[in-house]
Every structure is written in C-alpha cells, then in structure tokens.
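Written below as structure tokens is the structure these notes are about.
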Amino acid sequence: MQLATWNVNSLNVRLPQVLAWLATNPVDVLALQELKLTDDKFPVQAFTDAGYHAQWFGQKTYNGVALLSKTPAENVIRNIPGFDDEQSRVLCATIDGVRVIGAYFPNGQEPGSDKFAYKMRWLDAMREWVRAELQQHPQLVLMGDYNITFDDADVWDPVGLRETIHCTTEERNQLQSLIGLGLHDAHRLFEHPPKTFSWWDYRMLGFQKNRGLRIDHILISDALKARTTACEIDRAPRKNPQPSDHAPVVLTIGA
DNA sequence: ATGGCAAGTTTAACTTGA
C-alpha cells in the first residue's frame, strides 16, 4: 500500500500534472493541499475516471484539501473538531483500515505576526485532536504540508534562515510535540542524501540550485512504522513545466 | 536590507505563499 501527499498550489493549474503523476504512481491514497478552488469547482469526474474516490474540502482563493483513494473513505472529518476555523485545511478519513489525516498547516508568515499566533493555536488544537484520534486508531498517518522544518538538516541555508518562518524554535517544538504523541517522521526512518528537500522557492533558481526546505512530512504511528518499508520524495514533478513549488512525498507500507 | 516567482482576485496592482 502506498500513501502520498502533495501540495499542488492550485488544482486548477495542476490537475493535468496530478493525473499524469497518478498514472505513473498509482498510489492508494493521495492527500492534496492548496487546491485554491471552491467545492463546486472540484474536478471529481476526472478523478473518478482515473479510478479514484475523492473527498474534498475547498475554499475560495486559498487553502483547500482533498483525499483521493482507490477504496472509499469512511468516517470523514473536515477540519479539527472543536477548533473554530474559517480556513479549509484538514481532511481525515479511514481508508483500508488506516486513519489518514491530510493537512495543510498554516504558513505563519512571520514570527510575532497574527498569522504566526494562529499557526501556534492551530498546532495546539491539532496536537490534542491527534492525541485523541491515536487512542481510537492505532494505525494512523498524519501527512501534508507542515510548513515546519524538523531541524537544520531540512534547511538549505540554516545560518541565513535561522529563526525565520518554518525554522523557528517555537515551530520546531510544536513539531516535536506531535512526535511526542508517539508518531515518527517516516522520512528519517530511512537513508537519504544530505539536503533532501520537498519545497523549493520559485525565485532565485531555487530548484536548480537545490535551495529548498523539507516541510512536507509523513508522520506515522508505531503500528504503521512496523509496516513501513520506504518513504521517498519524488522530485520529478518539480521538473515539469509550470510545476508546483512542492514535490510529492510517498510512503510505502506492507500488509 | 530587499526582491527575485507564481497564483488568484480586485484584472493592475494587491495579497499571500514559503
């Protein structure tokens, strides 16, 4: 079984790339972030034709998430229960016996800003909700665009970007508190070359110079860790014409 | 120290992203 996450930065623009990627990477579950479209504009027929069920939770202009799956999603939840949020950032469902949470974590913009405070509140709520979900669903994956680096190994220029957004101690502490629930960073369970990233700035020839960050993560529970055989970032779509700034991350698990 | 690219909306200059 394979599960993947990809921030597509506008599904309107990226739909042909998503379909092409699925054709060559027929994963069982794909979580999408940054749809940037309203629910009525979601291209459900295209995914149906490709053999996928879909759950979607869109919004005008910003945010928006979806879960594509070869088998139907059950027990679906939109956004974090009990956390009043006007932004569409979370879809949760049980798929093939795995509790799947796909999430677009807030960007935070700048430490000290209102958006950073929102990011911290959102992370607090996410942690407490995931704590509860884990108790009911031992087989759990939390994947998406976290907008947080674990440590300097996830940063192309740790000195220049020290304590800037995605790299602050506060954000990293939040990420570690998710790990503290009993989750594991699937990427770090395996060997990867240094400076393996999942996002590159559109500017400054970021991708060509590998000036990137690893901010798209797949966190897995103990029970899923025992089944996991691989976790890879697929850089290929970043080489497409008109690419998303993020690359997909793919988790492979056995029976 | 800043902007540099991309996408969407307000369609021309802005906001946001990361």
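Each chain gets a letter, A, B and so on, in the order the sequences are listed, and its residues count up from 1. Note that this is a predicted model, so its numbers are computed, not measured.
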Between dG17(B) (P) and N107(A) (CG): distance, integer Å
5 Å
Write down the distance separating the P atoms in dA13(B) and dA1(B), rounded off to the nearest Å.
30 Å
Tell me whether K209(A) is salt-bridged to D201(A), with the criterion being a basic N under 4.0 Å from an acidic carboxylate O.
no
Please confirm whether the shortest side-chain N or O distance from N7(A) to OP1 or OP2 of dG17(B) is below 4.0 Å.
no
Assess the side chains of T149(A) and R214(A): does a donor N or O sit below 3.5 Å from an acceptor N or O?
no
Tell me yes or no: between the side chains of D40(A) and T38(A), is some donor less than 3.5 Å from an acceptor?
yes
Once you round it to whole Å, what is the distance between C1' of dC5(B) and CD of Q208(A)?
12 Å
Measuring only the C1' atom in each nucleotide, how far is dC14(B) from dT10(B)? A whole number of Å is fine.
7 Å
Determine the Euclidean distance between corresponding P atoms of dA6(B) and dT2(B); express it in Å to zero decimal places.
23 Å
Rounded to the nearest Å, what distance is computed from the CG atom of residue L205(A) to the P atom of nucleotide dC5(B)?
9 Å
Please report the shortest heavy-atom distance between E232(A) and H192(A), naming the atom on each side.
OE2-CE1, 3.9 Å
Gap between atoms CG and P, on D201(A) and dT16(B) respectively (whole Å)
17 Å
Can a salt bridge be assigned to the pair R188(A) and D154(A) using a cut-off of 4.0 Å between side-chain N and carboxylate O?
yes
Base, backbone or nothing for each nucleotide of nucleotides 7-12 of chain B, written B, S, -, heavy atoms under 4.0 angstrom, 5' to 3'?
SSS---
note: Q109(A), atom CD; dA18(B), atom C1'; distance rounded to Å ~ 10 Å
Q33(A) and D145(A) side chains, donor-acceptor separation under 3.5 Å
no
Rounding to an integer number of Å, can you tell me how far E171(A) CD sits from dG17(B) P?
13 Å
Which whole-number value in Å describes the distance from E110(A) CD to dT16(B) P?
13 Å
Mind checking the C1' distance from dA7(B) to dA12(B)? Whole angstroms is fine.
15 Å
Toward the 5' end of DNA chain B, which comes first, W199(A) or M204(A), by nearest nucleotide?
M204(A)
Can you name the residues that form a ring pair (Phe, Tyr, Trp, His ring centres under 6.0 Å) with F105(A), not counting sequence neighbours?
W122(A), Y146(A)
In whole angstrom, what separates F116(A)'s CZ from dT16(B)'s C1'?
17 Å
Which residue lies more 5' along DNA chain B, comparing F105(A) with R203(A) via nearest heavy atoms:
R203(A)
Base, sugar-phosphate or nothing for F207(A)? Non-hydrogen atoms, less than 4.0 Å.
nothing
